[in-house]
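Everything below concerns the one structure shown next.
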Number of protein chains: 2
Amino acid sequence: MISSLELARLCHVSQGTVDRALHNRAGISARTRERILRVATEHGYQANPMATEMMQGKSIIVGGLVHNLNSVFFMDLFHTISQQLIAMGLRLHVCSYDTPQTCEQLVGDFAARKSAGLILVPPIDQPISISAPILKSLPVISLIHSPGIEGLHCVHPDEVQTGFDATVGLIERGHRQILMLDYPSYSPAILQRAQGYEQAMRKHCLHTVHMVKSDTQTLLDTIKSNNITAVFCHNDWLALEAIRQLNSQGIKVPDDMSVLGVDDSPTFTSLCDQVTTMHYPADDIAKHVCAIFKDKPPKRGIKPCTWVNRQSVRSI
Amino acid sequence: MISSLELARLCHVSQGTVDRALHNRAGISARTRERILRVATEHGYQANPMATEMMQGKSIIVGGLVHNLNSVFFMDLFHTISQQLIAMGLRLHVCSYDTPQTCEQLVGDFAARKSAGLILVPPIDQPISISAPILKSLPVISLIHSPGIEGLHCVHPDEVQTGFDATVGLIERGHRQILMLDYPSYSPAILQRAQGYEQAMRKHCLHTVHMVKSDTQTLLDTIKSNNITAVFCHNDWLALEAIRQLNSQGIKVPDDMSVLGVDDSPTFTSLCDQVTTMHYPADDIAKHVCAIFKDKPPKRGIKPCTWVNRQSVRSI
DNA sequence: TTGTAGGCGTTATCAG
DNA sequence: CTGATAACGCCTACAA
């Protein structure tokens with residue numbers, strides 16, 4: 001943990017010469033360079049990135065902000081993004097927050113550090129505000145639909161289409177009584193998927209049945225009184241929970257009931273690879289995020305979620 | 001995103017005076033202070049923490065390193081730790097890694113930035129090496145048992161005891177044929193819980209049956225051929241998976257089979273609050289981690305995991 | 001009460 | 001080829 005100045009003194013040269021050696025720059029004799037590099041590795045020299053970043057007025061750190069309870073799905077997404085950012089020489093540092101206030105504070109913190117950018121999963125139910133100077137000074141990206149903030153880049157698939165395509169997929173497989181199951185929240189992503197479901201059902205002149213996560217009995221009652229044959233769940237976790245609830249009452253999936261989720265994230269599939277789902281285009285999202293950091297406006301929209309056949313939906 | 005020097009110029013004073021105003025230090029007239037503070041807020045001035053940190057040779061950032069697939073449980077733990085670190089004026093920045101090499105590189109990166117410390121979830125199956133100078137220059141903590149690295153602080157409950165207590169809990173509830181279900185891995189945490197299970201079973205002269213996560217049929221075969229009445233799972237996710245597998249074959253939990261997990265992390269219980277489990281002492285772990293950062297060696301060990309009654313285990 | 005100087009570790013530029 | 005100097009933004013110490 002030696003500094004470049006100390007390294008220079010150890011080699012009886014100036015800091016400038018050390019710099020030339022370390023960065024393979026011209027204007028230094030091979031002999032001097034080798035000597036310096038040898039001493040550098042001997043002492044395990046590593047440049048302090050903070051000093052470099054302060055010089056250049058720009059950090060290579062990208063802040064990732066996520067609400068603690070949202071972390072399951074988004075950590076996978078963050079990991080995919082992180083990989084691609086590393087390839088660009090950037091580093092993703094993820095912080096979790098409790099309240100919108102904490103979130104805003106962390107945004108300010110990263111901005112003050114002259115971060116390369118920010119990737120947010122904003123709080124649901126309660127919007128945050130980001131000051132105009134911050135939005136101007138670094139790219140700020142939201143991974144979910146966040147209307148009302150000028151200059152915020154939103155990177156996510158068309159969630160209305162996700163709901164629509166999912167529902168159409170079930171209809172094409174012969175289902176007519178389809179239940180939509182999601183969470184009690186005003187999160188845009190949730191509302192929009194439900195909207196897509198309703199559009200698809202209406203287009204096929206079918207009756208919509210909508211409910212939020214609930215106890216086993218409520219689920220059963222809703223299913224029975226509507227002759228439901230398929231449940232479209234907001235995400236895979238909810239689908240798994242529904243499957244568990246159904247199974248606990250002797251209803252087999254997919255024999256007696258089809259269940260469809262959304263996400264297909266690696267962590268979930270590593271825990272359970274049985275749920276038929278709409279694959280969330282994480283790679284494409286990462287690409288778009290990187291494009292924004294490269295200041296190259298993406299030429300096309302985000303790919304839609306796509307149907308993945310597993311074992312929890314059957315055709316009837 | 002104005003600097004303190006620019007702020008000084010705007011107020012027609014020196015940087016020193018600005019500093020006195022911002023830090024409520026003595027030696028400044030109330031009038032000047034107010035004027036400076038007004039201009040500061042007008043321009044949304046925020047000190048660049050990097051500059052401060054470089055001055056002091058110490059950053060307030062604590063690095064959190066976790067393997068991408070481990071993230072589900074550890075993100076909750078990181079969040080708890082993060083809360084307490086914030087109370088100490090520190091910030092936890094979590095990075096995910098793929099390979100041990102990436103992990104080591106990130107360790108070097110945080111060390112070069114003069115981080116306040118590092119909290120690792122090291123790779124399983126393959127140990128990493130951390131250079132002695134790094135271990136000397138900042139506190140490095142592992143959240144799982146990581147033998148063989150001198151100077152590394154390991155902060156986790158006694159996992160042998162976890163396995164032991166879990167098994168004894170099942171035995172006390174009348175179970176005799178108990179299956180241990182975990183993952184195919186040499187991770188110390190996994191091995192130690194299995195060890196505790198075996199110790200408890202031997203102590204009660206019971207026959208041990210051990211299997212790793214597998215397909216439904218294999219699970220069923222193992223259960224039938226050993227007259228199993230309870231399954232002790234390495235964690236709640238695995239417990240949920242087992243419950244799903246059992247339910248899908250008409251075996252009801254806990255009526256026909258008891259299932260016990262470990263973790264009781266908020267994210268899991270928010271998705272499913274039915275699994276009887278061994279509560280992982282996240283708060284106590286966070287306390288010990290903070291004690292290390294305060295350089296106050298913790299006076300006692302980590303609290304053990306404790307039984308939490310839910311709905312997946314019954315007495316027979 | 002206020003201004004000035006120096007240093008943290010790096011890099012870019014200019015002079016030798 | 002190499003050394004000296006300034007700059008990034010902040011803070012402490014000392015001088016006026």
Side-chain angles (χ1 to χ4, degrees), chain A residues 1-37 39-40 43-61 89 108-116 133 137-138, chain B residues 1-37 39-40 43-61 89 108-116 137:
Chain A
M1 296 311 119
I2 176 188
S3 79
S4 72
L5 182 60
E6 292 172 284
L7 182 54
R9 284 203 251 268
L10 283 170
C11 298
H12 307 289
V13 293
S14 70
Q15 256 187 316
T17 303
V18 163
D19 194 62
R20 279 180 271 263
L22 293 172
H23 294 83
N24 261 326
R25 269 170 42 211
I28 184 174
S29 73
R31 218 165 46 83
T32 320
R33 185 206 318 276
E34 275 169 37
R35 184 163 50 95
I36 294 174
L37 289 179
V39 179
H43 290 258
Y45 171 79
Q46 264 206 277
N48 184 340
M50 288 208 309
T52 310
E53 289 167 355
M54 219 176 59
M55 264 254 5
Q56 301 175 338
K58 222 28 177 170
S59 156
I60 62 165
I61 291 177
D109 216 57
F110 277 105
R113 285 174 187 274
K114 308 264 185 287
S115 295
S137 68
L138 78 174
Chain B
M1 295 308 116
I2 176 188
S3 77
S4 74
L5 181 61
E6 291 172 286
L7 181 55
R9 283 204 252 267
L10 283 169
C11 299
H12 306 289
V13 292
S14 71
Q15 254 187 316
T17 304
V18 162
D19 193 63
R20 281 178 268 262
L22 293 173
H23 294 83
N24 261 327
R25 269 171 41 211
I28 184 175
S29 74
R31 217 164 47 81
T32 321
R33 185 206 317 276
E34 275 168 36
R35 183 164 48 95
I36 294 174
L37 288 179
V39 177
H43 291 259
Y45 172 79
Q46 264 207 277
N48 184 341
M50 287 210 310
T52 310
E53 290 168 354
M54 219 175 61
M55 264 242 18
Q56 302 175 338
K58 227 13 176 181
S59 157
I60 63 164
I61 291 176
D109 217 57
F110 277 105
R113 285 174 186 276
K114 308 262 186 286
S115 294
S137 68

Interface residues of residues 4-20 of chain A with DNA chain C (non-hydrogen, below 4.0 angstrom):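 Contacts with DNA chain C under 4.0 Å: A:S4, A:Q15, A:D19.
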Contact list for DNA chain C against residues 43-52 of chain B - heavy-atom distance below 4.0 Å: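 None, since no heavy atom is under 4.0 Å.
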Distance check needed: [N] [atom2] versus [X] [atom1], whole Å only.
{"X": "B:R35", "N": "C:dT2", "atom1": "CZ", "atom2": "C1'", "result": "12 Å"}
{"X": "B:Q56", "N": "C:dG9", "atom1": "CD", "atom2": "P", "result": "13 Å"}
{"X": "A:M54", "N": "D:dA7", "atom1": "CE", "atom2": "C1'", "result": "9 Å"}
{"X": "B:M55", "N": "D:dA13", "atom1": "CE", "atom2": "C1'", "result": "11 Å"}
{"X": "A:K58", "N": "D:dC8", "atom1": "NZ", "atom2": "P", "result": "16 Å"}
{"X": "B:M1", "N": "D:dC10", "atom1": "CE", "atom2": "C1'", "result": "16 Å"}
{"X": "B:L22", "N": "D:dG9", "atom1": "CG", "atom2": "C1'", "result": "12 Å"}
{"X": "B:I60", "N": "C:dC8", "atom1": "CD1", "atom2": "P", "result": "22 Å"}

Under the side chain to side chain contact (heavy atoms under 4.5 Å, CB included) rule, what do B:R33 and B:N24 come out as? Steps first, then yes or no, please. CA-CA 8 Å; B:R33 185 206 317 276; B:N24 261 327; 3.3 Å; yes
Nearest 0.5 Å, what's the [atom1]-[atom2] distance between [X] and [Y]?
{"X": "A:R20", "Y": "A:T17", "atom1": "CZ", "atom2": "OG1", "value": "4.5 Å"}
{"X": "A:E6", "Y": "A:Q15", "atom1": "CD", "atom2": "CD", "value": "10.0 Å"}
{"X": "A:I2", "Y": "A:Q46", "atom1": "CD1", "atom2": "CD", "value": "12.5 Å"}

Can you see which heavy atom on [X] is nearest to which on [Y], and at what distance?
{"X": "A:C11", "Y": "A:R35", "value": "O-NH1, 2.8 Å"}
{"X": "B:A116", "Y": "B:I60", "value": "CB-C, 4.3 Å"}
{"X": "B:L7", "Y": "B:Y45", "value": "CD2-CG, 4.1 Å"}
{"X": "A:A112", "Y": "B:A47", "value": "CB-O, 3.5 Å"}

Any donor-acceptor pair under 3.5 Å from B:K58 side chain to B:S115 backbone: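 Such a contact is found between B:K58 side chain and B:S115 backbone.
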Ignoring backbone atoms, establish whether B:T32 has a side-chain N or O less than 4.0 Å from OP1 or OP2 of C:dT2.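 Yes.
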Would you mind classifying the nucleic acid contact of A:G27 as base, sugar-phosphate or nothing, using non-hydrogen atoms under 4.0 angstrom?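 Touches a base.
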For A:R25, answer base if it contacts any base atom (sugar-phosphate contacts may also be present), sugar-phosphate if it contacts only those atoms, and nothing otherwise; contact means non-hydrogen atoms under 4.0 Å.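 Base, at least one base atom sits under 4.0 Å.
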B:E53/A:M54 under side chain to side chain contact (heavy atoms under 4.5 Å, CB included): CA gap, chis, key distance, verdict: CA-CA 11 Å; B:E53 290 168 354; A:M54 219 176 59; over 6 Å; no
Quick one: the dot-bracket string of DNA chain C, using Watson-Crick and G-U wobble pairs with both distances under 3.5 Å, [ ] for crossing pairs and | for bases paired to another strand. ||||||||||||||||
Evaluate side chain to side chain contact (heavy atoms under 4.5 Å, CB included) for B:I61 paired with A:M50, printing each intermediate quantity in order. CA-CA 12 Å; B:I61 291 176; A:M50 288 208 309; over 6 Å; no
